[in-house]
Amino acid sequence: MTPDLFDDLPAEHLPEIIAEGAVILRRFALDRAERLLGVIGEVTELAPLRRMKTPGGHAMSVAMSCCGEQGWVTDTRGYRYQSDDPLSGRPWPSMRDVFRTLAREAASAAGYEGFCPDACLINRYEPGAKMGLHQDRDEHDFKQPIVSVTLGLSQVFQFGGLRRNERPVNIPLHHGDVVVWGGPARLRYHGVLTLKAGDHPLTGPCRYNLTFRRAR
DNA sequence: CAGTCTCG
DNA sequence: GACG
């Protein structure tokens, strides 16, 4: 994470370092936000957003779908990646180029070269929806970073430590912001606070989050 | 426990 | 922070 890694980035994309191995790229996805939202519409027509159940039996407040070779799912049996949408029994929609390219470019801008995601989780937050602190630990290779993209309404991201009882830092994320974490930050707890009501010109009353991972 | 609930 |  030396500054010279970022010499060729536009000033507005200079990373805000939030922990060793974790950066925010403000407005990094702004120029392609409408295309990304169009693809979200296309993917969720094939694999509808749905509220899944946690192993404890509670419904998540966030509606989720996936694209790519692998999709993250949860039900009363646990968390896992699988190649088929449990709703349809068919493979997840393919990873679109605009998604893959954004993920690779953001990872590169954060110092992680050669990122090649096989999974994109699509999260839709409506007012009242949140995601408690958790670790992304269902992937095989924790050397591969996580890339997280905010579209639409702003929401407060929490970035914590390696144990759930460490106090997280609160980071407001806005339309187009991208967060990347890997290396020593890869297993840090993270989540988002309850989404407040609002109205965004491109998404209306919600926030979309794209999370890119290398599952296998 | 990617959850809800409770206490200070 | 407990919870199971």
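Residue numbering restarts at 1 for every chain, and letters A, B, ... go by the order of the sequence lines.
- Proximity of A/T74 to the phosphate of B/dA2: no side-chain N or O atom is located under 4.0 Å from OP1 or OP2.
- Across all strands shown, C/dA2 is found opposite B/dT4 as a Watson-Crick or G-U wobble partner, with both distances under 3.5 Å.
- As a whole-Å value, the separation of A/Q135 CD from B/dA2 C1' is 11 Å.
- For the pair A/L49 CG and B/dA2 C1', the computed distance is 16 Å after rounding to whole Å.
- Rounded to an integer number of Å, the gap from A/R164 CZ to C/dG4 C1' is 13 Å.
- In the interface, the side chain of A/R51 is not paired with the base of B/dG3 through any donor and acceptor atom under 3.5 Å apart.
- In this structure, the side chain of A/R188 engages the main chain of A/G160 through a donor-acceptor pair within 3.5 Å.
- Using a 4.0 Å heavy-atom cutoff across all strands shown, A/R213 reaches at least one base atom of the nucleic acid.
- Using a 30° and 60° split on the angle between ring planes, A/F159 and A/W181 fall in the perpendicular class, above 60°.
- Residue A/D138 is classed as a base contact, given a heavy-atom separation below 4.0 Å to a base.
- For A/Q144, the side chain to side chain contact (heavy atoms under 4.5 Å, CB included) partners are A/F115, A/D141, A/R214, not counting sequence neighbours.
- In this structure, A/H190 places its NE2 atom 10 Å from P of B/dA2, rounding to the nearest Å.
- The main-chain N or O of A/V23 is never found under 3.5 Å from a side-chain atom of A/E16 such that the two would form a donor-acceptor pair.
- To the nearest angstrom, P of B/dC1 lies 18 Å from CG of A/N165.
- Spacing between B/dT6 and B/dC1 at atom C1', rounded to whole Å, works out to 16 Å.
- Put simply, NZ on A/K53 is 17 Å from C1' on B/dC1, counting in whole angstrom units.
- A/M60 comes within contact range of the sugar-phosphate backbone alone, with a heavy-atom separation under 4.0 Å but no base atom that close.
- By the stacking rule of 5.5 Å between ring centres and under 30° between planes, A/H58 does not stack on the base of B/dG3.
- Checking the phosphate oxygens (OP1, OP2) of B/dT4, a side-chain nitrogen or oxygen of A/K130 falls inside 4.0 Å.
- Look at CE on A/M131: it is 14 Å from P on B/dC1, rounded to the nearest Å.
- Rounded to an integer number of Å, the gap from A/L193 CG to B/dT4 C1' is 16 Å.
- Relative orientation of the A/F99 and A/F212 rings is perpendicular, given thresholds of 30° and 60° on the angle between their planes.
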